[in-house]
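Working notes for the structure below.
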Amino acid sequence: MKKERSLAGRYWQYGALALIIQLGSACSDKAPPPPPAANSAQATPSTAPTADAKLIVAFGDSLYAGYNLDQGKGLAPVLERALAARGVKAQVVNAGVSGDTSAAGLARLSFTLDGLARKPDLMLVGLGGNDMLRGLSPKTTRDNLDAILAELKKRDIPVLLTGMLASPNMGPDYAASFNPIFPALAKKYGATLYPFMLDGVIGNRALQLPDGIHPNDKGVGVIVGRLEPMVEDALRG
């Protein structure tokens, strides 16, 4: 019971922070600008992966891009090192762009894939959080993610989908439409699902940047610690 109350408290904090972002956006009749693309790395690897190395592409938003983190401390490089420590030879390409919505991700998907040295062995897909923060239609988010997963299936690229949850301030109706998107699409396309990208991080200030949403380097370590075994399984799959 204590654990449940603690988790609920962290989600309400998440909701309060999301509300602040939305109120700030509401001051303008234009779409809010994306956050600075701090350390949003190239969408293509600097060197081609070796023949015996797996190629993994982390395709998402600021949670993938290493937002406001020093070089080498974002999701992609930390995951690559974690896999190496487990004896898995892999190159993890950072294709995260801060501020991306699901629509922006869909728009750059083909360009990203066509610029790679070869077809990825696994694609991590993490989009939808900015859609939720901006209060965009869950149906639109679902349609965009559906199109992304359909294209990856067409190209025969396995997917690990990292999900997002609606913040409590969005209300129960929004959550009822938004939260099922990720498990439903994972089931539809046979993708591996990591249900909530910020699990274990949200609400813990020691693991977050001052904005209270993005992980700091310790938070990235927590995420990778939970995600890495699923990546290994997906590569074997």
Next on the checklist: Run Val125 and Leu152 through side chain to side chain contact (heavy atoms under 4.5 Å, CB included) and show every step you take.
Outcome noted: CA-CA 10 Å; Val125 176; Leu152 294 174; 3.8 Å; yes
I need the minimum non-hydrogen distance between [X] and [Y], along with the two atoms involved.
| X | Y | answer |
| --- | --- | --- |
| Phe182 | Leu145 | CE2-CD1, 3.6 Å |
| Ala90 | Leu83 | CB-CD1, 3.9 Å |
| Ile223 | Pro215 | CD1-CG, 4.0 Å |
| Ile202 | Gly212 | CD1-O, 3.8 Å |

Short side-chain to backbone donor-acceptor contact, [X] and [Y], under 3.5 Å:
| X | Y | answer |
| --- | --- | --- |
| Arg108 | Ala95 | yes |
| Asn179 | Ala166 | yes |
| Ser62 | Ala65 | no |
| Asp131 | Thr141 | no |
| Arg142 | Pro180 | no |
| Asp121 | Leu55 | yes |
| Asn130 | Asp100 | yes |

Next on the checklist: I want to check something: taking the side chain as every heavy atom from C-beta on, are Leu75 and Val92 in contact at a cut-off of under 4.5 Å?
Outcome noted: no
Checklist entry - Which pairs with one or both residues in residues 219-236 pass salt bridge (Lys or Arg N to Asp or Glu O under 4.0 Å), sequence neighbours excluded? => result Arg86-Glu232, Asp199-Arg226, Glu232-Arg236, Asp233-Arg236
